[in-house]
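Heads up, the thing below is written out as structure tokens.
Below, chain A is the first sequence line, B the second, and so on; all start at residue 1. Values below: all heavy atoms of this structure, side chains included; hydrogens, waters and symmetry mates excluded.
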Number of protein chains: 2
Amino acid sequence: MVVYELSEEQTNKVFRALADATRRDIVRRTLHAEVSISELAASYDMSFAAVQKHVAALEVAGLVSKIARGRERIVRGQPDTIRHAQELLTSLEDIWRQRISRLDDFLSDEAT
Amino acid sequence: MVVYELSEEQTNKVFRALADATRRDIVRRTLHAEVSISELAASYDMSFAAVQKHVAALEVAGLVSKIARGRERIVRGQPDTIRHAQELLTSLEDIWRQRISRLDDFLSDEAT
DNA sequence: CTCATATACAACCATTTGGTTGTACGATAC
DNA sequence: GTATCGTACAACCAAATGGTTGTATATGAG
């Protein structure tokens with residue numbers, strides 16, 4: 001399986017974008033179904049422009065994409081980028097697991 | 001399986017902490033083996049105090065813990081918190097998968 | 001055509017972030 | 001005891017973040 005690595009800068013943007021409850025909620029909603037920016041904006045207690053900025057941050061991170069439909073912009077969640085972030089976390093967990101298995105080896109050596 | 005949910009604020013801190021290449025590297029190294037703060041500081045092109053702040057951000061997020069050993073502070077990666085973040089990303093992916101399966105249902109209804 | 005809607009974007013502002021240097025203090029080495 | 005090492009923490013600063021309002025523009029409705 002070929003994994004397309006994200007650049008460090010791209011990775012920063014992905015995690016940064018996920019570090020906000022409103023943005024995480026936008027990702028959830030746009031993964032669930034296509035939503036326009038104004039529909040999103042109606043849900044949060046902040047200005048339209050603020051929501052627009054959150055969507056822009058998510059778009060730059062690759063967590064959502066926008067397509068024009070008439071005068072609306074439809075926002076779609078991008079599961080691939082989520083998966084990239086997940087793979088990075090998995091690689092961290094693997095480091096831990098390798099450490100544990102090294103420790104097991106050490107202990108079984110000890111026992112002989 | 002009981003999953004201990006992180007608060008929104010705690011989740012913000014975890015992702016925020018991961019949104020920096022130096023901090024991700026510190027997590028990698030401290031998951032691999034125990035390292036003192038000064039050992040960490042020697043690796044990065046910034047002041048000791050700056051590295052100390054990065055470690056503090058990771059500690060507040062629950063991604064590392066510190067224990068005193070003599071005059072040193074040993075930093076340990078905390079795989080549990082990594083797993084919490086991973087579970088959140090998995091729940092996002094699940095939302096996507098449910099959408100796909102709804103779409104499949106729709107298409108098979110269409111076919112009948 | 002005119003009006004309302006959906007979006008884009010600039011300018012502005014307060015707060016947070018990420019770095020710096022300097023100072024203080026406990027633990028270890030000599 | 002004194003010097004050194006490892007850490008903690010405060011004060012400071014520039015840049016980024018997350019919100020605001022205001023203005024412009026394109027699309028759809030009537």
Side-chain angles (χ1 to χ4, degrees), chain A residues 7-30 33-77 85, chain B residues 7-30 33-77 85:
Chain A
S7 71
E8 296 275 271
E9 247 325 297
Q10 228 12 57
T11 305
N12 292 352
K13 284 176 184 156
V14 172
F15 284 117
R16 191 79 191 69
L18 289 169
D20 179 278
T22 302
R23 286 193 294 257
R24 285 192 300 274
D25 194 63
I26 292 175
V27 171
R28 269 180 223 108
R29 289 186 57 188
T30 57
E34 300 188 340
V35 195
S36 73
I37 299 185
S38 45
E39 282 172 324
L40 288 171
S43 316
Y44 307 109
D45 186 25
M46 64 185 74
S47 67
F48 178 88
V51 174
Q52 222 176 5
K53 279 195 187 183
H54 283 308
V55 171
L58 290 166
E59 192 181 19
V60 165
L63 285 163
V64 306
S65 63
K66 286 191 298 185
I67 58 158
R69 186 143 78 202
R71 59 186 161 187
E72 294 186 331
R73 297 294 177 274
I74 303 299
V75 185
R76 295 176 173 169
Chain B
S7 71
E8 295 275 270
E9 246 326 296
Q10 222 22 50
T11 305
N12 292 352
K13 282 177 186 157
V14 172
F15 284 117
R16 190 81 192 66
L18 289 169
D20 178 279
T22 301
R23 286 193 294 257
R24 285 192 301 274
D25 194 61
I26 292 175
V27 171
R28 270 181 222 108
R29 288 186 57 188
T30 57
E34 300 189 339
V35 195
S36 73
I37 298 185
S38 46
E39 282 170 325
L40 288 171
S43 317
Y44 308 110
D45 186 27
M46 65 185 72
S47 68
F48 178 87
V51 173
Q52 221 176 6
K53 280 195 186 183
H54 282 308
V55 172
L58 290 167
E59 193 181 18
V60 166
L63 284 163
V64 306
S65 63
K66 285 191 299 185
I67 58 158
R69 184 142 79 202
R71 60 185 162 190
E72 296 185 330
R73 296 295 178 273
I74 304 299
V75 185
R76 294 176 174 169

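Listed by chain and number, the residues in a side chain to side chain donor-acceptor pair (under 3.5 Å) with B:Glu39 are B:Ser36 (sequence neighbours excluded). Partners of B:Ala33 by side-chain contact (heavy atoms from CB on, under 4.5 Å), not counting sequence neighbours: none found. Remark: A:Asp20 engages no residue in a side chain to side chain donor-acceptor pair (under 3.5 Å) (not counting sequence neighbours). The side-chain contact (heavy atoms from CB on, under 4.5 Å) search around B:Ala41 returns B:Phe48, B:Val51, not counting sequence neighbours. With sequence neighbours excluded, the residues satisfying side chain to side chain donor-acceptor pair (under 3.5 Å) with A:Ser43 are A:Arg29. Residues passing the side chain to side chain donor-acceptor pair (under 3.5 Å) test with B:Arg24 are A:Asn12, sequence neighbours excluded.
Listed in residue order, the members of residues 58-67 of chain B having a heavy atom less than 4.0 Å from DNA chain D are B:Lys66. Listed in residue order, the members of residues 40-47 of chain A having a heavy atom less than 4.0 Å from DNA chain D are A:Met46, A:Ser47.
For the atom pair B:Thr30 OG1 and B:Leu58 CG, the distance stands at 7.5 Å (nearest 0.5 Å).
Atom-to-atom, CD of B:Glu72 to P of C:dA29 comes out at 10 Å; the value is rounded to the nearest Å. Atom-to-atom, CD of B:Glu39 to C1' of D:dG6 comes out at 11 Å; the value is rounded to the nearest Å. Remark: C1' of D:dC5 and CD1 of B:Ile37 are 13 Å apart, rounded to the nearest angstrom. Taking atom CG of residue B:Asp20 and atom C1' of nucleotide D:dA16, one finds them 13 Å apart after rounding to whole Å.
For A:Arg73 and C:dA6, the shortest distance from a side-chain N or O to OP1 or OP2 is not below 4.0 Å.
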Quick test: give all pairs of protein nitrogen or oxygen and nucleotides 9-17 of chain C nitrogen or oxygen below 3.5 Å, distance rounded to 0.1 Å.
| unit_1 | atom_1 | unit_2 | atom_2 | d |
| --- | --- | --- | --- | --- |
| C:dT17 | O3' | B:Arg16 | NH2 | 3.1 |

Under 3.5 Å between N/O atoms: give me all the protein pairs with nucleotides 27-30 of chain D, atom names plus distance.
| unit_1 | atom_1 | unit_2 | atom_2 | d |
| --- | --- | --- | --- | --- |
| D:dT27 | O2 | A:Arg71 | NH1 | 3.0 |
| D:dG28 | O4' | A:Arg71 | NH1 | 3.4 |

Using a 3.5 Å cut-off and no angle test, enumerate the donor-acceptor pairs between side-chain atoms of residues 59-76 of chain B and protein atoms at least two apart in sequence or in another chain.
| unit_1 | atom_1 | unit_2 | atom_2 | d |
| --- | --- | --- | --- | --- |
| B:Ser65 | OG | B:Gln78 | OE1 | 3.2 |
| B:Arg69 | NH1 | B:Glu34 | OE1 | 3.4 |
| B:Arg69 | NH2 | B:Glu34 | OE1 | 3.4 |
| B:Arg76 | NE | B:Glu34 | OE2 | 2.8 |
| B:Arg76 | NH2 | B:Glu34 | OE2 | 3.2 |

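For the pair B:His54 and A:Ser38, both in contact range of DNA chain C, the more 5′-proximal nearest nucleotide belongs to A:Ser38.
A side chain to side chain donor-acceptor pair (under 3.5 Å) check over residues 48-57 of chain A, counting only residues at least two apart or in different chains, returns the pairs A:Arg23-A:His54.
Nearest approach of A:Asp25 to A:Tyr44, heavy atoms of both residues: OD2-OH, 2.6 Å.
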